[in-house]
Amino acid sequence: MSQIFTYCPKCQSPSFVKAGFNNGKQRYKCKDCCYYFSVHKHASHKSDDIKKMAIDMYLEGLGFRSIGRVLNISYGTVYQWVKQLGEQHEIKADADQVIDIVELDEIHSYTKFKKNYCWTWIAIDRNTKQVLGFVCGKRDSKTFERLYNNLNPNNIKLFCSDYWKSYQEIIPIHKHLTSKAQTFTIEGYNCLIRHFTARFKRKTKCYSKCQKMIENTLSLLFAKWNGSLRCVF
């Protein structure tokens with residue numbers, strides 16, 4: 001039975017021509033990528049539109065398996081796309097940027113199983129609403145100190161946080177305002193995180209197998225909010 005081709009299995013291009021025979025089978029050559037093929041094999045390459053759609057769906061609250069079912073692709077493929085793109089969007093603080101007010105807070109998720117907490121410490125510029133940085137780990141002073149040092153604290157005039165002890169241990173008292181009423185911006189962002197990411201919902205079957213996936217997820221979400229998300233693989 002002869003094979004009927006409608007696209008190149010490598011680049012998905014519909015432009016190809018016959019290029020002789022190979023072991024008695026018709027051979028073809030793609031005009032765009034110059035790939036030769038003679039057997040219709042399953043193409044592992046997915047278009048950029050499919051990749052972008054998968055990332056958009058992920059950042060709208062769907063899990064890997066749900067996206068896989070909707071787009072008819074492997075959920076492991078979606079996982080790899082999120083991992084790859086998340087590593088490309090790590091937030092880096094601007095060393096020259098002077099910031100008036102930074103709000104701080106922490107939010108928890110899980111890794112491996114539901115009782116194994118993973119805390120994410122987040123910093124947001126109150127005026128620009130930009131996410132300045134985050135770190136994941138335990139809810140202790142050592143973890144928060146990593147975030148504090150990444151923020152270029154000398155260029156920040158005031159930090160606002162709740163009463164958690166780690167803030168008081170690390171932030172100089174003359175630059176620290178402690179009040180639940182002064183963390184309204186970041187508290188709103190915490191609600192958005194739980195709304196738009198399946199693994200942060202309070203009652204969900206989606207949770208991370210490792211801390212790195214939490215970091216990749218938040219890197220993508222914050223890049224989207226900061227206006228710097230680029231779905232380029």
Side-chain angles (χ1 to χ4, degrees), residues 1-92 109 111 120 130-131 134 136 189 192-201 204-233:
M1 180 178 179
S2 61
Q3 296 285 350
I4 299 176
F5 294 94
T6 58
Y7 58 86
C8 169
K10 182 177 181 181
C11 71
Q12 312 296 306
S13 172
S15 301
F16 55 87
V17 295
K18 292 182 178 180
F21 290 86
N22 182 23
N23 294 328
K25 297 180 181 179
Q26 180 65 59
R27 195 180 188 206
Y28 300 90
K29 178 184 178 181
C30 177
K31 290 183 178 181
D32 292 333
C33 69
C34 298
Y35 179 70
Y36 288 90
F37 56 97
S38 58
V39 178
H40 193 186
K41 57 184 179 181
H42 179 71
S44 60
H45 177 80
K46 304 299 180 183
S47 68
D48 291 339
D49 289 340
I50 292 294
K51 293 178 180 179
K52 184 179 184 303
M53 187 182 300
I55 296 299
D56 289 342
M57 293 170 67
Y58 183 69
L59 296 180
E60 288 293 329
L62 272 71
F64 294 141
R65 296 179 186 275
S66 298
I67 297 171
R69 288 193 295 268
V70 173
L71 298 182
N72 195 28
I73 57 179
S74 167
Y75 76 89
T77 300
V78 182
Y79 171 92
Q80 291 299 327
W81 290 344
V82 171
K83 178 181 178 182
Q84 179 183 351
L85 205 59
E87 292 173 350
Q88 298 175 13
H89 285 82
E90 293 183 1
I91 299 177
K92 296 182 180 179
S109 183
T111 56
T120 302
Q130 296 282 295
V131 179
F134 72 94
C136 296
Y189 272 55
L192 292 176
I193 291 172
R194 295 200 182 280
H195 177 76
F196 284 109
T197 52
R199 67 189 65 234
F200 273 91
K201 288 180 170 60
T204 179
K205 293 183 178 180
C206 299
Y207 56 92
S208 298
K209 300 298 188 296
C210 64
Q211 179 178 305
K212 186 60 178 176
M213 277 311 298
I214 294 179
E215 295 171 352
N216 290 335
T217 297
L218 292 178
S219 291
L220 289 178
L221 185 64
F222 294 157
K224 179 181 178 180
W225 291 350
N226 289 348
S228 59
L229 178 62
R230 294 186 177 183
C231 292
V232 179
F233 292 84

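Everything numeric in this text was worked out from a predicted model, so none of it was measured.
Applying the salt bridge (charged side-chain N to carboxylate O under 4.0 Å, His left out) test to residues at least two apart or on different chains, the pairs with a partner in residues 53-81 are Lys52-Asp56, Glu60-Lys224. Within the structure, the salt bridge (charged side-chain N to carboxylate O under 4.0 Å, His left out) test picks out the following pairs touching residues 75-92 (sequence neighbours left out): Glu90-Lys212.
In this structure, Leu59 CG and Phe222 CZ are separated by 11.0 Å, a value rounded to the nearest 0.5 Å. The structure places SG of Cys8 at 8.5 Å from CZ of Phe16, a figure rounded to the nearest 0.5 Å. Here the straight-line distance linking atom SG of Cys231 with atom CG of Leu85 works out to 5.5 Å at 0.5 Å rounding. The line from CD1 of Ile214 to OG of Ser109 is 4.0 Å long, rounded to the nearest 0.5 Å. Taken to the nearest 0.5 Å, the CD1 atom of Ile67 stands 8.0 Å off from the CD1 atom of Ile73. Considering CZ of Phe134 and OG of Ser219, their distance stands at 3.5 Å, rounded to 0.5 Å.
Contact between Gly68 and Val78 at its shortest, heavy atoms only, is N-CG2, 4.5 Å. Counting all heavy atoms, side chain and backbone alike, Thr111 lies closest to Cys210 at CG2-C, 3.9 Å. When all heavy atoms of Lys51 and Lys46 are compared, the closest pair comes out as CE-O, 3.6 Å.
Counting heavy-atom neighbours within 6.0 Å of Met53 CE, excluding the residue itself, gives a total of 12 or less.
Between Trp81 and Leu220 there is no side-chain heavy-atom pair separated by less than 4.5 Å. For the pair Leu71 and Met57, the minimum side-chain heavy-atom distance is below 4.5 Å. Residues Ser13 and Cys33 have side chains not in contact (no heavy-atom distance under 4.5 Å, counting atoms from C-beta outward). Proximity of Thr120 to Phe200: side-chain heavy atoms (C-beta onward) are separated by under 4.5 Å at one or more points. When side chains are defined from C-beta on, Gln26 counts as touching Lys18, because their heavy atoms get closer than 4.5 Å. Taking the side chain as every heavy atom from C-beta outward, Gln88 and Arg230 never approach each other to under 4.5 Å. Taking the side chain as every heavy atom from C-beta outward, Lys29 and Cys34 approach each other to under 4.5 Å. Leu218 is listed as a side-chain neighbour of Ile193, based on a closest heavy-atom distance under 4.5 Å.
Taking the six-membered ring for Trp and thresholds of 30 and 60 degrees, Tyr28 and Phe37 have nearly parallel ring planes, at less than 30 degrees apart.
Side-chain atoms of Gln80 and Gln84 include no donor-acceptor pair closer than 3.5 Å.
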Are Val82 and Phe64 close enough, and set up right, to give a side chain to side chain contact (heavy atoms under 4.5 Å, CB included), and what steps lead you there?
-> CA-CA 9 Å; Val82 171; Phe64 294 141; 3.6 Å; yes
Determine, stepwise, if the pair Thr217 / Tyr58 fulfils side-chain hydrogen bond (donor to acceptor under 3.5 Å, both in side chains).
-> CA-CA 9 Å; Thr217 297; Tyr58 183 69; 2.5 Å; yes
Stepwise side chain to side chain contact (heavy atoms under 4.5 Å, CB included) check, Trp225 with Leu192 = CA-CA 10 Å; Trp225 291 350; Leu192 292 176; 3.6 Å; yes
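Looking only at distances, a side-chain donor or acceptor of Ser74 sits under 3.5 Å from a matching main-chain atom of Gly76. A donor-acceptor contact shorter than 3.5 Å is absent between the side chain of Ser208 and the backbone of Gln211.
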